[in-house]
2 protein chains.
Amino acid sequence: MRQSNASSATGQVGSLVLPKSVDALHTLIAEQQEQLSARLKLVSVYLVEHPQQVAFSTLAEIAKAAGVHASTLVRFANHFGFGGFSELQKLYKNQLLEHPSNYRERISQLKKASGNNQNTTPTHLLHEFIDGNQLALSLLQQQITPELLDASVETLLKANEVFICGIRRVYPVATFFNYTLSQMDVRCSLIDGQESMQAEQGKWMNRESALIAITFNPYGKIPRETVELAKKQGSKIILITDSELCPLAPLVDHLFIVREAEVRAFRSLNSTLCLAQTLCVALGYRKQDVGK
Amino acid sequence: MRQSNASSATGQVGSLVLPKSVDALHTLIAEQQEQLSARLKLVSVYLVEHPQQVAFSTLAEIAKAAGVHASTLVRFANHFGFGGFSELQKLYKNQLLEHPSNYRERISQLKKASGNNQNTTPTHLLHEFIDGNQLALSLLQQQITPELLDASVETLLKANEVFICGIRRVYPVATFFNYTLSQMDVRCSLIDGQESMQAEQGKWMNRESALIAITFNPYGKIPRETVELAKKQGSKIILITDSELCPLAPLVDHLFIVREAEVRAFRSLNSTLCLAQTLCVALGYRKQDVGK
DNA sequence: GACTTCATGGAATATTTATTCCTTTTAGTA
DNA sequence: TACTAAAAGGAATAAATATTCCATGAAGTC
């Protein structure tokens with residue numbers, strides 16, 4: 001380091017204050033993103049996405065990984081007011097020192113703090129939801145059988161149109177299916193029972209089509225009527241629900257039971273969404289196979 | 001590194017095979033612990049207890065931290081068969097690269113692992129998605145700060161109306177917010193840009209209201225215009241996005257960066273949804289507090 | 001199309017960092 | 001206490017690494 005003054009002769013001065021934390025730096029980078037040159041942009045993307053590597057790699061290594069020349073890194077650092085790249089790198093190293101990898105510790109601290117909890121801080125809730133959702137996902141892994149998945153995907157593959165019924169609490173799942181299937185070139189339509197139009201919306205269900213119905217306790221009227229209609233019209237039915245006791249269960253061709261995390265009486269949608277994603281992507285791959 | 005042969009002239013040869021992982025090294029260290037000299041013992045303790053630091057500090061820094069002279073470190077490395085300390089240090093660096101505490105890295109590894117994988121059975125996909133989502137959730141845990149959460153919840157609490165903007169891929173998240181906030185007795189409305197009505201839909205945003213915008217790369221026009229409108233009209237803005245580099249980031253009051261799992265180029269929504277859930281439920285609790 | 005300006009990569013140079021060698025210190029033994 | 005052997009620290013030196021400077025090339029302007 002020959003000189004470590006900001007606003008050096010190089011001209012470009014990123015800012016008047018030099019960031020003293022990785023977060024601050026990233027914010028600054030984000031702000032200036034547009035004004036950066038192509039290579040400098042590459043650098044910024046690399047820094048933001050690989051902070052860990054930045055912390056303990058050498059200039060040359062980082063340069064190579066980011067796809068730029070070593071001097072570009074130095075210029076980048078200068079641009080943001082650092083005397084050299086090493087100075088910038090120090091930020092990343094410090095972050096690792098302060099924010100240690102033992103985040104296990106953080107969890108157990110949190111758990112301790114929550115023992116018998118009136119603890120409803122947002123952070124605490126976040127951690128509870130995360131824990132709950134992770135657990136629910138593990139459960140999903142155990143409970144969904146390959147046969148059921150395969151068969152459902154085949155049904156969707158054969159259908160010339162897919163109807164999706166999910167309202168209220170599970171409406172996000174329905175919209176997820178709708179968007180993702182559309183992206184996969186699957187003709188699909190949403191039955192949301194708006195203005196009690198479920199019968200009209202489901203009118204075109206038939207032996208060639210499939211219905212994906214999602215309904216959780218308390219099971220509502222719209223999905224029930226839709227499933228019954230589908231049954232009557234000979235459409236294949238895939239039901240995603242939360243219990244074998246769902247009254248619609250006997251009617252359907254493929255039955256998914258998903259146990260969602262429930263934290264403080266709020267049930268999540270994570271596992272259902274994960275299942276939905278799997279069905280869509282698996283269908284996408286199958287379509288490719290068949291297309292060939 | 002002038003010579004990198006094990007069992008150099010220095011005399012002491014720790015072992016015949018030179019350890020190729022940190023774990024192997026630590027085992028070896030533990031075995032030989034008793035036979036080490038005072039200073040070398042200091043070194044061993046430091047290495048075992050601060051593997052992270054060892055990975056990215058310089059010889060001199062480590063020496064100082066461990067309370068020994070630099071050359072002692074080199075001797076230590078030699079003792080265990082390394083040509084120099086750098087060689088030993090490489091083990092620690094590699095460990096960080098392979099086993100990163102950084103979930104981002106693990107996620108991209110997962111991506112890589114499945115990249116050329118032809119195994120696209122639904123079950124296999126399900127497991128990939130579950131793994132990816134679990135990792136992403138852990139990352140969420142690490143990256144969302146309490147301050148940000150608290151501040152966002154306060155903003156929502158103060159707002160007399162909450163607008164929600166999320167379309168296409170993140171539309172399920174928007175509908176989730178919409179439903180859940182409604183359940184919490186929060187007045188809210190969805191800006192979905194249907195028929196290019198975003199300006200009309202956002203017309204009533206003002207200083208008393210808050211906007212929750214969700215947009216992921218590629219950042220679309222509707223969220224951008226909505227955020228800009230909100231800014232102009234003085235509404236508070238909470239942005240949920242996937243990178244600091246999102247061009248809207250500088251405009252907003254609260255910025256959430258969520259790294260979603262990406263499996264076979266399909267990005268998930270799990271973490272975003274989990275965050276959404278947290279915000280809603282935390283807000284619910286806060287409203288209760290205030291109500292009292 | 002010529003000119004200017006800025007960005008880029010290469011190579012020389014400065015700086016930092018690691019390693020070796022040698023001297024001093026320490027501990028053990030007669 | 002004197003001697004020996006091993007260990008530790010210091011300083012010189014070698015190696016690696018970062019930084020600067022400059023030539024080249026690209027983009028924009030008149």
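Letters A, B, ... are given to chains in the order of the sequence lines, protein chains preceding strands, and every chain is numbered from 1. Below, each value reflects all heavy atoms present in this structure, side chains not excepted, and no hydrogens, waters or symmetry copies.
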Would you give me the side-chain donor-acceptor pairs under 3.5 Å for residues 225-233 of chain B, sequence neighbours excluded?
unit_1: B/Glu225; atom_1: OE1; unit_2: B/Gln198; atom_2: NE2; d: 2.9
unit_1: B/Thr226; atom_1: OG1; unit_2: B/Ile222; atom_2: O; d: 2.7
unit_1: B/Lys231; atom_1: NZ; unit_2: B/Leu251; atom_2: O; d: 3.2
unit_1: B/Gln233; atom_1: NE2; unit_2: B/Gly202; atom_2: O; d: 3.3
unit_1: B/Gln233; atom_1: NE2; unit_2: B/Lys203; atom_2: O; d: 3.4
unit_1: B/Gln233; atom_1: NE2; unit_2: B/Met205; atom_2: O; d: 2.6

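- When rounded to the nearest whole Å, the span between NE2 of B/His79 and C1' of D/dA7 equals 13 Å.
- Set against C/dT19, D/dT17, D/dG9, the side chain of B/Ser71 has D/dG9 as its closest nucleotide.
- Taking 4.0 angstrom as the limit, B/Arg39 places a side-chain polar atom (N or O) nearer than this to OP1 or OP2 of D/dG9.
- Between B/Ser86 and C/dT19, a side-chain N or O to OP1/OP2 separation shorter than 4.0 Å is present.
- At whole-Å resolution of the value, CG in B/Leu73 and P in D/dG9 are 11 Å apart.
- Protein atom CG of B/Asn78 is 12 Å distant from nucleotide atom C1' of C/dA18, rounded to whole Å.
- Annotation for B/Val153 and A/Pro122: closest pair CG2-CG, 4.0 Å, computed over non-hydrogen atoms.
- Side-chain proximity of A/His69 to C/dA18, D/dG10, C/dA11: nearest is C/dA11.
- Contacts of A/Ser37 with the nucleic acid, taken as non-hydrogen atoms under 4.0 Å apart, involve only primed sugar atoms and P, OP1 or OP2.
- Taking atom CG of residue A/Leu42 and atom P of nucleotide C/dA7, one finds them 14 Å apart after rounding to whole Å.
- As a whole-Å value, the separation of A/Glu87 CD from C/dT16 P is 11 Å.
- Annotation for B/Arg169: atom CZ counts as buried by contact number, over 12 foreign heavy atoms lying within 6.0 Å.
- Atom C1' of nucleotide C/dG9 and atom CG of A/Leu59 are separated by 13 Å, given to the nearest angstrom.
- Of the listed nucleotides (D/dA8, C/dT19, D/dT19), D/dT19 has the atom at the smallest distance from the side chain of A/Ala70.
- A/Thr72 has a side-chain polar atom (N or O) that falls below the 4.0 Å cut-off from OP1 or OP2 of C/dG9.
- Atom CD1 of A/Ile62 and atom C1' of D/dA18 are 11 Å apart (whole Å).
- Residues that satisfy the salt bridge (charged side-chain N to carboxylate O under 4.0 Å, His left out) test with A/Glu61, not counting sequence neighbours, are absent from this structure.
- Residues B/Ser235 and B/Ser209 have side chains that bring a donor and an acceptor to within less than 3.5 angstrom of each other.
- Checking C/dT8, C/dA18, C/dT19 against the side-chain heavy atoms of B/Phe85 singles out C/dT19 as nearest.
- When each of D/dA18, C/dG9, D/dA8 is scored by its nearest atom to the side-chain atoms of A/Arg75, the top-ranked nucleotide is C/dG9.
- Residue B/Gln89 contributes atom CD, which lies 14 Å from atom P of D/dA16 at whole-angstrom precision.
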